[in-house]
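Contents: one structure, followed by commentary.
When reading the values below, keep in mind they use all heavy atoms of this one structure, side chains included, and skip hydrogens, waters and symmetry mates. What you are looking at is a predicted structure, and each value in this text was computed from that prediction instead of being measured. Every chain is numbered from 1, with letters handed out A, B, ... down the list of sequences.
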There are 2 protein chains.
Amino acid sequence: MIKRGIHVRDSRPNERSKRDVVTLKDVARAAGVSPITASRAFNPLQAHKVAPRTRERIFRAAQELGYRTNIPARALRQQRTYQIALVVPYISDSFLPDIVEGIQIEATKSDYSCLLYVTHYDREREYAAFKSLMRKLVDGVIWFPSVSPHPELMDLVRDLPVVQLLHKEHPDAPAVLVDQEHGAYLAAHHLIELGHQHIDALMYLDRHGGQRVKGFQRAISEAAGVTGRVHTASGSDVLDAQRAVEGLLASGFFATGLVCYSDVMAWGAMRALQTAGRRVPDDVSVIGFDNTQLSESLEPRLTTVDQSRLRIGEQAVSLLMKSLSGETCDDLVITPSLVVRSSTQAPPPAGKPGRLRPATDP
Amino acid sequence: MIKRGIHVRDSRPNERSKRDVVTLKDVARAAGVSPITASRAFNPLQAHKVAPRTRERIFRAAQELGYRTNIPARALRQQRTYQIALVVPYISDSFLPDIVEGIQIEATKSDYSCLLYVTHYDREREYAAFKSLMRKLVDGVIWFPSVSPHPELMDLVRDLPVVQLLHKEHPDAPAVLVDQEHGAYLAAHHLIELGHQHIDALMYLDRHGGQRVKGFQRAISEAAGVTGRVHTASGSDVLDAQRAVEGLLASGFFATGLVCYSDVMAWGAMRALQTAGRRVPDDVSVIGFDNTQLSESLEPRLTTVDQSRLRIGEQAVSLLMKSLSGETCDDLVITPSLVVRSSTQAPPPAGKPGRLRPATDP
DNA sequence: CTGAAAGCGCTTACAG
DNA sequence: CTGAAAGCGCTTACAG
């Protein structure tokens, strides 16, 4: 009996399994060329070296056989995996998920995929993530650093392209930052422009808190006759903020504007105010920070500082791509902007709890 | 001059770069063994075949040289990448992020890392994600399927281990599901037990909505003398819910209990009720669904149905690990539970808006 | 425009 | 307990 050998797979009917993989060699054989030529046809930089008709034959064969490039094999040869790692403390909050999502989508455009590592602010876990991603030979890392990372991790960071996100904990790796000081300045300035004379801040003192306090104070000190006090909450939760403002109200809170550390804290602040019978914005104007989903959902809708999370993600990827191609990169500082909604307006006339804004003084 | 050859790296002082990688061969040479033996020392299943003292020597050499396994190379040989892919529509919401986080942490325990693909409910993007992950040779996939996935994607799913998350769109791949019907049943049943006679539901009709409506109706029909109507909102946002309930109030809403599709919608419902002067829970009890962060932040704190997101993630990973080892897997249905907080209590006495609960009827 | 040889770093049988 | 050979699937110079 003569073997025709037209359908190689006939010998294993219905035995398609993942491991029964179609290789470049198979495609080459089917197209009647060498694997080298086949490889070239699939590489955009080399494809022009292959005769158009040959290329077509190769593509058709690949199509018919269901060929898919084996990326790990290519990675081994090229010393390039087309994978980047994302190391972040958490993703269950409205701030980071958007950034992570942006990064993933942006990376996809350059044909990169993202390995995700969640650290829960645990230094050991963070270090473990780095050890793991080095073994995976990722081409680079986008990293939201913990407060003071594991010293050995700091060494690893020197050995591969890393972009830091929002905090610069490592001096040697470039970072995508947001000008926190300016954000808080914008918030306070907005209230000043509306005519507020007594503006307070409700802050939480983490790594960004200090800069925000500074921005707030700069705006206050620039405006003649405006007083501003900074209060700090012991946590950054709704309830922390709510309790803090309850405390302020109990001890004689007379500001007409309140700049908050975050949208979440602004929510808590608004709740304390409203429960105490102070209307927002009629009696007190409130500003948040982050422009999260929440700011649209609150009542009144929240005026807030937007850190433009999408751009943070995009910029982080483009910075990383740059350092992958060997360029040295500087830090990138994004300028936040103010989103004005309904939680801020001119202050009520002095001495009176505000109703509708009167055009003249009493 | 005689070469002592103790420090191989001396020839390239200060030239450590990522590509200047220490290989198993280097370790073997430094330890005076063959690469085969070195390889065995690092493989838990083979390590016992290496003499303890040899093993020690190998480990020490590895330590000194800073050796790290090259996973892509190993993947090529073993046909196993120790990577799984996560394909989800989004991660900017309080529900999925927790699951994704759980999956990542659980996978890490088995030494797997996770490739993240975000699809934004876009079928093309979802299909592209699958094409990409196949080329990466991931060992398996955890997939939150879109409503009716790309037909070609459905074919791909047959070729590798896939576990579906929360929705079963593909008949051949096992799924981790939550008993939605039971969840809504629990919610309605809780109100019935508290003594409510008029209980409404505020639902949103997506893939889970239908089951939740059924569970709600079953609880109602089981209880003698209890009436229950189902209302549906046009969206699942806070404002959609708020407007829906405003509409109900305008057209004579007289239920004392309200089962909502989600925590977010419960928030909107509560806001509409409170704005209209109805107190929660004194006048109306409200129940949410999902037990998200939000349910702790609302005032009053929200009674809600917990889908145990952490367990969903854990179970998805363990199901996937099972199918990786060749076992055939059945679907896994998780039973949700009720978390009782402060937004539910016994109904006010008939005809009166409730104050403190009276012990007897008027 | 096309191909034969060599090698990326690892591990799997097969010998001893 | 240890090692020489072969190969996973791809691509990179080097020839022609």
Side-chain angles (χ1 to χ4, degrees), chain A residues 17-58 61-62 65-83 111 134-139, chain B residues 17-58 61-62 65-83 111 134-139:
Chain A
S17 87
K18 189 194 169 191
R19 299 309 170 210
D20 197 12
V21 150
V22 178
T23 156
L24 194 57
K25 222 158 119 189
D26 300 332
V27 174
R29 188 166 20 200
V33 297
S34 75
I36 302 130
T37 306
S39 167
R40 277 197 274 257
F42 289 111
N43 182 337
L45 296 175
Q46 313 247 309
H48 65 100
K49 295 183 190 166
V50 179
R53 301 182 57 184
T54 318
R55 227 185 303 157
E56 282 243 328
R57 231 172 337 123
I58 294 168
L65 298 176
Y67 171 70
R68 277 187 293 264
T69 312
N70 180 324
I71 305 271
R74 191 218 267 162
L76 182 59
R77 188 61 240 247
Q78 292 192 326
Q79 300 290 53
R80 189 159 194 190
T81 53
Y82 290 90
Q83 286 188 181
D111 240 341
M134 301 240 30
R135 287 182 289 130
K136 303 279 178 177
L137 297 200
V138 297
D139 295 335
Chain B
S17 88
K18 192 194 167 189
R19 299 308 169 212
D20 196 12
V21 151
V22 179
T23 156
L24 195 57
K25 221 157 118 189
D26 300 331
V27 175
R29 189 166 19 201
V33 297
S34 76
I36 301 131
T37 306
S39 167
R40 277 198 274 256
F42 289 112
N43 182 337
L45 296 174
Q46 312 246 307
H48 64 98
K49 295 182 190 166
V50 179
R53 301 182 55 185
T54 318
R55 227 186 301 157
E56 283 243 328
R57 231 170 338 123
I58 295 168
L65 298 176
Y67 171 69
R68 278 188 291 265
T69 312
N70 180 323
I71 305 270
R74 191 219 266 162
L76 183 58
R77 188 60 240 248
Q78 290 193 329
Q79 301 289 52
R80 188 159 194 188
T81 53
Y82 289 89
Q83 287 188 180
D111 241 341
M134 302 242 25
R135 286 182 290 132
K136 303 280 177 178
L137 296 200
V138 297
D139 295 335

> According to a strict under-4.0 Å criterion, is A/Gln79 in side-chain N/O contact with OP1 or OP2 of D/dT12?
Replying inline: no
>> Both B/Pro35 and B/Ala73 contact DNA chain D. Taking the nearest nucleotide for each, which residue is further toward the 5' end?
In response: B/Pro35
> Taking only N and O in the side chain of B/Ser34, is any of them less than 4.0 Å away from OP1 or OP2 of D/dT2?
Replying inline: no
> What is the distance, rounded to the nearest whole Å, between atom NZ of A/Lys25 and atom P of C/dA4?
Replying inline: 13 Å
>> In whole Å, I'd like the distance from the CG atom of A/Asn70 to the P atom of C/dC8.
In response: 18 Å
>> Both distances below 3.5 Å, Watson-Crick or wobble geometry, any strand: find the nucleotide opposite D/dG16.
In response: C/dC1
> Rounded to the nearest Å, what distance is computed from the CZ atom of residue B/Arg77 to the C1' atom of nucleotide D/dC10?
Replying inline: 15 Å
> How long is the line joining CG of B/Leu24 and P of C/dG9, in whole Å?
Replying inline: 11 Å
>> Check this one for me: any side-chain N or O of B/Gln78 less than 4.0 Å away from OP1 or OP2 of C/dT12?
In response: yes
>> Just the rounded figure in Å: distance from C1' of C/dC1 to CZ of A/Arg57.
In response: 12 Å
> Given atom CZ of B/Arg29 and atom C1' of D/dT2, what is their separation to the nearest angstrom?
Replying inline: 18 Å
>> Does C/dC1 have its OP1 or OP2 closer than 4.0 Å to a side-chain nitrogen or oxygen of A/Thr54?
In response: no
> Start at the 5' end of DNA chain C and walk down; is the nucleotide closest to A/Ala51 or to B/Phe42 reached first?
Replying inline: A/Ala51
> In terms of heavy-atom contacts, does CD of A/Glu56 have more than 12 from other residues, nucleotides or ligands at under 6.0 Å?
Replying inline: no
> Contact class for A/Tyr67 vs. all strands (heavy atom < 4.0 Å): base, sugar-phosphate, or nothing?
Replying inline: sugar-phosphate
> Tell me: CD1 of B/Ile58 to P of D/dG3, nearest whole Å?
Replying inline: 9 Å
> If you count the non-hydrogen atoms of other residues, nucleotides and ligands that lie under 6.0 Å from CD in B/Gln46, is the total more than 12?
Replying inline: yes
> Looking at the side chain of A/Arg40, which of C/dG3, D/dT12, D/dT2 is the nearest nucleotide?
Replying inline: C/dG3
> Does a side-chain N or O from A/Thr37 land closer than 4.0 Å to OP1 or OP2 of C/dT2, or not?
Replying inline: no
>> Can you tell me if B/Thr69 touches the phosphate of C/dC10, counting only side-chain N or O atoms and a distance under 4.0 Å to OP1 or OP2?
In response: no
> In whole angstroms, how far is the P atom of C/dC10 from the CG atom of B/Leu76?
Replying inline: 12 Å
> C/dG9 base to B/Arg68 side chain: any donor-acceptor pair below 3.5 Å?
Replying inline: no
